[in-house]
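Report on the structure given below.
We count residues from 1, following the sequence as given.
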Amino acid sequence: MAQYEACILGLRLAIDMNVQELLVIEDSDLLVLQVLGEWATKNTKIFSYLHYVQEQIKRFTKIEFKHVPRIQNEFADALATLSSMIQHLDKNFIDPIPIGIHKQPAYCAHVEEEIDGNPWFHDIMEYLEKGEYPEHTTHT
């Protein structure tokens, strides 16, 4: 249901923006195959979502659904989870999720050298090997 809710949110946004041609990238192969009519569903909870999506896609002059494996699309999975958690008094309304797009990638330009000469992951490796925290570790 979360996948369908995320798809519906995206379709509504595209319709509100008067988009005529749309490429829908989904990590749910099941959803794509159901929407395209290649697979049927007997799940009564999913049927209303499927019917709604199929009605909405008629509003586009061209729409294509493409499956991308979830492992390659973690951002979409996070959005689908978020959309299923949003509650609103008017059940027909879903609050938009603001997403900022940056023109440049963020990265760390400078990493300070460790004082003890060990790499940054040394303490983690020690913990994994010995099962004990380093002596200098605090609880805060």
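Applying the side-chain hydrogen bond (donor to acceptor under 3.5 Å, both in side chains) criterion to Asp29, with sequence neighbours excluded, gives no partner residue. For Lys130, the side-chain hydrogen bond (donor to acceptor under 3.5 Å, both in side chains) partners are Glu126, not counting sequence neighbours.
A donor-acceptor pair shorter than 3.5 Å can be found between the side chains of Tyr49 and Glu5. Side-chain atoms of Tyr4 and Glu26 include no donor-acceptor pair closer than 3.5 Å.
Note that the CD1 atom of Ile25 and the CD atom of Glu64 stand 9.0 Å from one another [nearest 0.5 Å]. Of the inter-residue distances, the one linking Leu50 atom CG with Cys7 atom SG reads 10.0 Å to the nearest 0.5 angstrom. Here the OG1 atom belonging to Thr61 is positioned 5.0 Å from the CD atom belonging to Gln20, to the nearest 0.5 angstrom. Ile46 CD1 to Thr41 OG1: the interatomic distance, rounded to the nearest 0.5 Å, is 6.0 Å. Atom-to-atom distance recorded for Ile57:CD1 and Leu22:CG is 10.5 Å, nearest 0.5 angstrom.
Of all heavy-atom pairs spanning Gln34 and Ala40, the tightest one is NE2-O, 4.1 Å.
At a threshold of 4.5 Å between side-chain heavy atoms, the hydrophobic network of Ile, Leu, Val, Met, Phe, Trp and Tyr places Ile15 and Phe65 in one connected group. Following chains of ILVMFWY side-chain contacts shorter than 4.5 Å, one can reach Leu13 starting from Ile63, so the two form part of one hydrophobic cluster. In the hydrophobic cluster analysis, where Ile, Leu, Val, Met, Phe, Trp and Tyr join through side-chain heavy atoms closer than 4.5 angstrom, Leu33 is grouped apart from Ile8. Trp39 and Leu31 are assigned to two separate hydrophobic clusters, defined by single-linkage of ILVMFWY side chains at heavy-atom distances under 4.5 Å. A chain of hydrophobic side-chain contacts below 4.5 Å, direct or via other Ile, Leu, Val, Met, Phe, Trp or Tyr residues, connects Val53 to Val19.
In this structure, Val32 and Lys66 have side chains that are not in contact, with every pair of non-hydrogen atoms separated by 4.5 Å or more.
Within the structure, every pair that satisfies the side chain to side chain donor-acceptor pair (under 3.5 Å) test and touches residues 50-59, not counting sequence neighbours, is listed here: Arg12-Tyr52, Glu55-Lys58, Gln56-Arg59.
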